[in-house]
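Some notes on the structure that comes next.
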Protein chains: 2
Amino acid sequence: MPRRPADAQQRQAAPNLPAEPTQAGRFEQARRVQSMALLEDYAELIADLHATGGEARPTDIARRLGVTHATAIKAITRLKREGLATARPYRGVFLTEEGEQLAARVKARHLLVVEVLRAIGVPPDAAEQDAEGIEHHVSDITLQAFARFLKGLK
Amino acid sequence: MPRRPADAQQRQAAPNLPAEPTQAGRFEQARRVQSMALLEDYAELIADLHATGGEARPTDIARRLGVTHATAIKAITRLKREGLATARPYRGVFLTEEGEQLAARVKARHLLVVEVLRAIGVPPDAAEQDAEGIEHHVSDITLQAFARFLKGLK
DNA sequence: ACGAATATGATGCCAAGGCTACACTTTCTT
DNA sequence: AAGAAAGTGTAGCCTTGGCATCATATTCGT
Ligand SMILES: [Mn+2]
Ligand SMILES: [Mn+2]
Ligand SMILES: [Mn+2]
Ligand SMILES: [Mn+2]
């Protein structure tokens, strides 16, 4: 049945770029973004643990994320591989400079997303809950619009 | 080092319910939601293909999603397993009653999310892009707030 | 100081969701 | 009516991110 084109285009690498404005392009970008979500949450959490005067040890991280420590350790391995963290065995996890920067961006974005949801009238618990997933999909452009929106309110 | 409690609680099933208001509970809920995202996008897309007068065949679906047809076929297998779709070999995919209902809900939510982003001042392309990922994390409670927000604007 | 309690790390298992490659079926075109 | 073109399905491979289990390291409490 030779009706439509073929489906197997070249499908190059496409590192992390803007995404075509086609439906397929949007889905591809959404998948790319999703693949960063876990790293973002870990970075944000590790920074928070450090900021709260504590250490970021696998068990702490695991408990806060609701996963087993084995799962956390595997994710930490990925963080290290991606150059976002280092770890001293039995002594906890530390963010690299790049990791710190990611954490800072992610935290700011998280707070802004919650703030916008609240401003729209979303109840506090739902805002906190939904923001945990939504945040990762909020692009810089959208984030700027969020900031302008909040500024316009006060 | 026996400082903090243990991390391996019972961790029961937790089918799809409200989620504790703890940080771990929020992350758990976000993971549950994410595991539905793929099914939601497929259901929405299949309904759209049918609505647009066409058939929903693996290659159509794959092209629209930006994946290979093999990937689409695997996802369709999961849709069938979950009771959301049926398929007649070489004749396309069809949503069950439950699948149709899911598709309708997902489509309405998608549209509302885009509308809210636009209302906040997000440029059209970014709104379309970000909504593709955000939509899956918007709870019913939040969706209601979105509807009220839009109503209040006009 | 030493045993108990806890944390850590390693390993192996699983399912999801990508991919390529290849065989088969259907449809189109001549 | 073939033969070519396109779609479909299957199989096998990979990575991610869950899990449980076990061995080892550290720290606490007495
Ligand atoms: Mn998050
Ligand atoms: Mn967050
Ligand atoms: Mn989507
Ligand atoms: Mn959608």
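Lettering of chains follows the sequences in order, A, B, ..., and the numbering in each one begins at 1.
If you take CD1 of A:I76 and C1' of D:dG18, they are 15 Å apart, rounded to a whole angstrom. Protein atom CD1 of B:I73 is 14 Å distant from nucleotide atom P of C:dT20, rounded to whole Å. Atoms CD (A:E82) and P (D:dT16) sit 8 Å apart, rounded to a whole Å. The CG-P distance, from A:L38 to C:dG17, rounds to 16 Å in whole Å. The distance from atom CG of A:D60 to atom C1' of C:dT6 is 12 Å, rounded to the nearest whole Å. If you take OH of B:Y90 and C1' of C:dT27, they are 12 Å apart, rounded to a whole angstrom. In this entry the distance linking CE of B:M36 with C1' of C:dA16 reads 14 Å, nearest Å. Distance B:H69 NE2 to C:dA21 P: 12 Å, rounded to the nearest Å.
Taking only side-chain nitrogens and oxygens, B:R88 never comes nearer than 4.0 Å to OP1 or OP2 of D:dT8. At least one side-chain nitrogen or oxygen of A:R78 sits closer than 4.0 Å to the OP1 or OP2 atom of D:dG17. Using a 4.0 Å cut-off, no side-chain N or O of B:T71 falls inside it from OP1 or OP2 of C:dG17. Side-chain nitrogen and oxygen atoms of A:S35 include none within less than 4.0 Å of the OP1 or OP2 phosphate oxygen of D:dT16. Applying the 4.0 Å criterion to OP1 and OP2 of D:dA6, one finds that B:T59 has every side-chain N and O outside that range.
Inspection of the B:Q29 and B:R32 side chains reveals an N or O donor paired with an N or O acceptor under 3.5 Å.
With C:dG18, D:dG9, C:dT26 as the choices, the nucleotide that has an atom nearest any side-chain atom of B:R91 turns out to be C:dT26. Of the candidate nucleotides D:dT8, C:dC19, C:dG9, C:dC19 has the atom lying nearest to any side-chain atom of B:A70.
At a cut-off of 3.5 angstrom, the base of C:dG12 holds at least one donor-acceptor pair with the side chain of A:K74.
Aromatic pair A:H137/B:H137: ring centres closer than 6.0 Å.
Ion pair A:R109/A:E40 flagged as a salt bridge, since at least one NZ, NE, NH1 or NH2 atom sits closer than 4.0 Å to an Asp/Glu carboxylate oxygen.
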Side chain to side chain donor-acceptor pair (under 3.5 Å) assessment of B:Q23 paired with A:R64: CA-CA 6 Å; B:Q23 188 176 24; A:R64 296 273 292 263; 2.4 Å; yes

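Heavy atoms only, all atoms of each residue included: B:A72 and B:P58 are closest at CB-O, 3.9 Å.
Taking for each of A:R81 and A:P89 the nucleotide of DNA chain D with the nearest heavy atom, the 5'-most of the two is the partner of A:R81.
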